[in-house]
Amino acid sequence: MTAQGYREQSSVGRFFSEMRRGARNQGNVVFALIFKELKNRSGGDGYGLYSLAVIALEPAIAVAGMAVFFYFLRRAEIAGVHIALFLAVSYLPYGLVRRSMTSVPKVLKSNAAFYAYQQVKPIDSVLSRFIIETTLVLFGGVIVFFLLWWFLDLKPNFDHIAELIGIFAMMVVTSFGLCLFLATYGTRFPVILRVSSGTSRALYFLSAVIHPMSEIHDTAGEFLLWNPLAHMVELLRDYALGMEPYAGVTLSYPLGFMLFMLFLGLTSYYANRFELLKK
């Protein structure tokens with residue numbers, strides 16, 4: 001190998017070495033912010049721990065409340081699926097998106113004091129809060145399915161486990177792009193956070209969470225097809241419960257929206273990163 005080849009190899013080696021070192025440093029920053037967030041939420045006493053427990057149990061509480069409401073309406077099943085299991089599968093995507101629109105975007109302002117440290121970037125705050133909220137939602141989902149299996153002997157169909165993991169991964173990436181976009185512009189223009197908070201409540205009815213799209217009027221169904229979250233919910237019920245998705249539901253539409261949302265979130269942050277440091 002020539003001397004020039006050795007120099008090129010050395011340059012490439014230094015590049016990857018610096019990449020690894022930078023990723024390790026940012027990982028340490030994110031871990032520290034996660035630890036700080038959990039410490040603040042726990043408050044160092046039992047009341048804070050109770051608060052964390054309630055947040056983790058939110059999916060179970062929501063599913064139980066909706067199931068009781070349907071029982072009062074004398075509807076125990078939807079398309080042959082027990083109502084509690086139907087709601088448990090449907091609620092998880094909505095729960096993650098809702099927290100990405102409400103809780104996560106507010107973290108940029110609450111962690112503003114840490115941006116004086118050169119190694120702490122605004123995106124680290126968003127990522128740390130997003131990891132916590134995603135973990136809480138998924139942990140809450142595990143609790144819901146465990147309780148359904150333990151007390152009612154109900155469980156999803158895991159014949160399509162790879163597809164289920166793919167839909168959840170798509171849901172997580174979409175939610176991260178969404179919360180990064182809202183955090184960036186919501187910090188600069190607070191009215192955006194108020195609008196997104198109200199919109200998140202409307203998504204409960206616009207994402208086919210409490211009803212399959214096949215049971216609504218055709219015109220309304222065509223309208224809901226514009227919502228990529230509705231596609232993900234229908235596909236989750238298909239893979240987990242064997243329920244036939246609504247005509248027009250595709251994998252390509254939410255996949256394309258995921259890539260668009262991630263691109264929009266990253267470019268929005270990059271274009272406004274210096275403005276965020278001034279807030």
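Reckoned from all heavy atoms, side chains included, excluding hydrogens, waters and symmetry mates. Given the structure is predicted, the values throughout are model-derived calculations rather than measurements.
Between M243 and F86 the shortest side-chain heavy-atom distance falls below 4.5 Å. Side-chain contact check for S125 versus Y115: some heavy-atom pair is nearer than 4.5 Å. In this structure, the side chains of V89 and F145 come closer than 4.5 Å at one or more pairs of heavy atoms. Side-chain contact between S90 and I210 is absent, with no heavy atoms from C-beta onward closer than 4.5 Å. Looking at heavy atoms from C-beta onward, F114 lies out of side-chain contact with K121 at the 4.5 angstrom threshold.
Of the possible donor and acceptor atoms, none in the side chain of T134 sits under 3.5 Å from a partner among the backbone N and O of I131. A donor-acceptor pair is defined here as one N or O able to donate and one able to accept, closer than 3.5 Å; no such pair exists between the side chain of S103 and the backbone of R99. In terms of modelled atom types and a separation under 3.5 Å, the side chain of H231 and the main chain of L225 share a donor-acceptor contact. Under a 3.5 Å cut-off, the side chain of N272 and the backbone N or O of S268 do form a donor-acceptor pair.
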Show me the donor-acceptor pairs, under 3.5 Å and distance only, between side chains in residues 64-84 and residues at least two apart or in other chains.
unit_1	atom_1	unit_2	atom_2	d
Y71	OH	H82	NE2	2.9
R75	NE	E77	O	3.2
R75	NH1	E215	OE1	3.2
R75	NH2	E215	OE1	3.1
R75	NH2	E215	OE2	2.5
H82	ND1	A84	N	3.1

Show which side-chain atoms of residues 193-203 pair as donor or acceptor with protein atoms under 3.5 Å away, not counting sequence neighbours.
unit_1	atom_1	unit_2	atom_2	d
S196	OG	M101	O	3.1
S196	OG	I192	O	3.3
S196	OG	L193	O	2.9
T199	OG1	V195	O	2.8
S200	OG	S197	O	2.6

Give every donor-acceptor pair under 3.5 Å between a side-chain atom in residues 253-263 and any protein atom, sequence neighbours left out.
unit_1	atom_1	unit_2	atom_2	d
Y253	OH	W226	O	2.7

Show every donor-acceptor pair shorter than 3.5 Å between a side-chain atom in residues 160-181 and any protein atom, with sequence neighbours excluded, or say none if there are none.
unit_1	atom_1	unit_2	atom_2	d
T174	OG1	M170	O	2.8
S175	OG	M171	O	2.8

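Residue pairs meeting the salt bridge (Lys or Arg N to Asp or Glu O under 4.0 Å) criterion with at least one partner in residues 221-247, sequence neighbours excluded, are E234-R237. Among pairs with a residue in residues 135-158, those fulfilling side-chain hydrogen bond (donor to acceptor under 3.5 Å, both in side chains) read N157-D159, at least two apart in sequence or across chains.
Under the 4.5 Å side-chain heavy-atom criterion for ILVMFWY residues, a single connected hydrophobic cluster contains both V107 and F189. Under a hydrophobic-cluster definition in which Ile, Leu, Val, Met, Phe, Trp and Tyr are linked whenever side-chain heavy atoms come within less than 4.5 Å, directly or via other members, L33 and F31 are assigned to different clusters. Follow the hydrophobic side-chain contacts under 4.5 Å out from L127 and you never reach F35; the two are in separate clusters.
Under the side chain to side chain donor-acceptor pair (under 3.5 Å) test applied with N111, the options R129, E37, K36, K106 reduce to a single match, K36.
In this structure, a donor-acceptor pair under 3.5 Å is present between the side chains of N227 and S207.
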Checking L206 against F223 for the side-chain contact (heavy atoms from CB on, under 4.5 Å) test, could you report, in this order, the C-alpha distance in whole Å, the side-chain angles of both residues, the deciding distance, and whether it holds? CA-CA 9 Å; L206 299 177; F223 174 75; 4.0 Å; yes
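Rounding to the nearest 0.5 Å places NZ of K109 at 14.5 Å from CZ of R188. The distance from atom OG1 of T187 to atom OH of Y185, rounded to the nearest 0.5 Å, is 11.5 Å. Rounding to the nearest 0.5 Å gives a distance of 5.0 Å between CG of L241 and CG of L85.
When all heavy atoms of L229 and P93 are compared, the pair lying nearest together is CD1-CB, 3.7 Å. Pairing each heavy atom of L92 with each of G141, the nearest pair is CD2-CA, 3.7 Å. Contact between L87 and V209 at its shortest, heavy atoms only, is CD2-O, 4.0 Å.
Hydrophobic side-chain contacts under 4.5 Å tie V142 to no other Ile, Leu, Val, Met, Phe, Trp or Tyr residue.
Both the sub-6.0 Å distance and the 45° axial angle are satisfied by R273 relative to the ring of Y270.
A search for side chain to side chain donor-acceptor pair (under 3.5 Å) contacts involving Y239 returns nothing, not counting sequence neighbours.
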